[in-house]
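Written out below as structure tokens is the structure these notes cover.
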Amino acid sequence: MKHTSFEIGSKFYTTTGQCWLCTDVGIRTILAIELDPKLDKNWFKGPPYAVKEVVFDEEEMEMCFRNEEEHITERLENHIKSNHPSFSAEVVWKMMDIRHQFSDYPHKRLFCINRVDESGEIYHPYAAEKDGDEWMILVYLPFTGEFKKVKESIFIGFDIATEEDLFQRKTKL
């Protein structure tokens with residue numbers, strides 16, 4: 001869903017199957033409460049609410065949907081329009097296996113944001129490991145199929161990859 005899709009009082013779902021109620025719409029974020037079916041509906045009266053309000057940022061909002069059909073349709077449309085190469089099941093399993101081995105990294109949100117270096121190479125972060133006093137970000141380069149390690153201090157300096165960056169990198173093949 002897009003930020004403009006949210007209205008106070010509207011219900012939506014996340015990919016984990018939870019139902020949420022939008023309680024506030026900000027400039028770049030929304031607030032919502034989870035409509036836990038195990039709780040009496042009186043828990044959801046407010047504001048103020050007796051249950052915790054959760055902040056959803058732009059990335060998290062894009063993973064939300066109003067119903068199952070919208071969810072499937074949006075994902076298919078995004079896949080068709082995107083210049084991002086697909087990951088094979090083997091690559092996904094490898095990234096997930098390694099991520100679980102190194103679960104003590106304090107900035108896991110970093111794994112949600114692809115980066116692009118000065119040459120236009122796209123980096124997909126999936127885990128981090130400690131090397132002495134420094135964190136190394138484990139990345140997959142989707143256009144070359146390579147796995148690499150990049151110092152966190154260098155990785156965080158790369159620009160956030162945009163759809164245009166993906167298009168430019170795709171046209172270099």
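Starting from 1, each residue takes its place in the sequence as its number.
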Side chains of [X] and [Y], heavy atoms from C-beta outward: is any pair under 4.5 Å?
{"X": "Val150", "Y": "Pro125", "answer": "no"}
{"X": "Arg169", "Y": "Thr144", "answer": "yes"}
{"X": "Arg28", "Y": "His3", "answer": "no"}
{"X": "Met136", "Y": "Glu152", "answer": "no"}
{"X": "Phe12", "Y": "Cys19", "answer": "no"}
{"X": "Phe44", "Y": "Leu39", "answer": "yes"}
{"X": "Phe155", "Y": "Leu110", "answer": "yes"}
{"X": "Lys11", "Y": "Cys22", "answer": "no"}

Could you check whether any side-chain N or O of [X] sits under 3.5 Å from a backbone N or O of [Y], counting only pairs where one atom can act as donor and the other as acceptor?
{"X": "Asp131", "Y": "Glu134", "result": "no"}
{"X": "Asp117", "Y": "Glu121", "result": "yes"}
{"X": "Ser5", "Y": "Lys2", "result": "yes"}
{"X": "Gln168", "Y": "Glu164", "result": "no"}
{"X": "Ser10", "Y": "Glu7", "result": "yes"}

To the nearest 0.5 Å, how far apart are [atom1] in [X] and [atom2] in [Y]?
{"X": "Ile122", "Y": "Thr162", "atom1": "CD1", "atom2": "OG1", "answer": "7.5 Å"}
{"X": "Ile113", "Y": "Asp159", "atom1": "CD1", "atom2": "CG", "answer": "12.5 Å"}
{"X": "Asp104", "Y": "Glu129", "atom1": "CG", "atom2": "CD", "answer": "10.5 Å"}
{"X": "Glu163", "Y": "Asn114", "atom1": "CD", "atom2": "CG", "answer": "10.5 Å"}
{"X": "Phe65", "Y": "Thr73", "atom1": "CZ", "atom2": "OG1", "answer": "11.5 Å"}
{"X": "Leu31", "Y": "Tyr49", "atom1": "CG", "atom2": "OH", "answer": "9.5 Å"}

### Task
For residues Ala128 and Phe111, report the shortest heavy-atom separation together with the two atoms involved.
N-CZ, 3.6 Å
### Task
Compare every heavy atom of Thr14 with every heavy atom of Cys64, then report the nearest pair and how far apart it is.
SG-CG2, 4.1 Å
Give a yes or no on whether [X] atom [atom1] has more than 12 heavy-atom contacts from other residues, nucleotides or ligands under 6.0 Å away.
{"X": "Glu59", "atom1": "CD", "value": "yes"}
{"X": "Lys108", "atom1": "NZ", "value": "yes"}
{"X": "Glu69", "atom1": "CD", "value": "no"}
{"X": "Tyr140", "atom1": "OH", "value": "yes"}
{"X": "Lys149", "atom1": "NZ", "value": "no"}

Do [X] and [Y] belong to the same hydrophobic cluster, where Ile, Leu, Val, Met, Phe, Trp and Tyr are linked whenever their side-chain heavy atoms lie under 4.5 Å apart, directly or via other members?
{"X": "Met96", "Y": "Leu138", "value": "yes"}
{"X": "Ile98", "Y": "Val91", "value": "yes"}
{"X": "Ile8", "Y": "Ile30", "value": "yes"}
{"X": "Val54", "Y": "Trp43", "value": "no"}
{"X": "Trp135", "Y": "Ile156", "value": "yes"}

#### Entry: Asp57 and Arg109 ion-paired at < 4.0 Å
yes
### Message
Quick test of your reading of the model: are Lys52 and Glu34 salt-bridged, counting only N-O distances below 4.0 Å?
### Response
no
Between [X] and [Y], is the ring centre distance below 6.0 Å?
{"X": "His107", "Y": "Tyr105", "result": "yes"}
{"X": "Tyr123", "Y": "Phe158", "result": "yes"}
{"X": "Phe87", "Y": "His124", "result": "yes"}
{"X": "Phe56", "Y": "Phe6", "result": "no"}

### Task
Walk me through it: do Leu141 and Val139 pass the test side-chain contact (heavy atoms from CB on, under 4.5 Å)?
CA-CA 6 Å; Leu141 283 58; Val139 297; 3.8 Å; yes
### Task
Consider only side-chain N and O atoms of Ser88 and Glu90, and report whether a donor and an acceptor are under 3.5 Å apart.
no
### Query
Could Lys170 and Phe143 be counted as a cation-pi pair, given that NZ or CZ must be under 6.0 Å from the ring centre and within 45° of the axis?
no
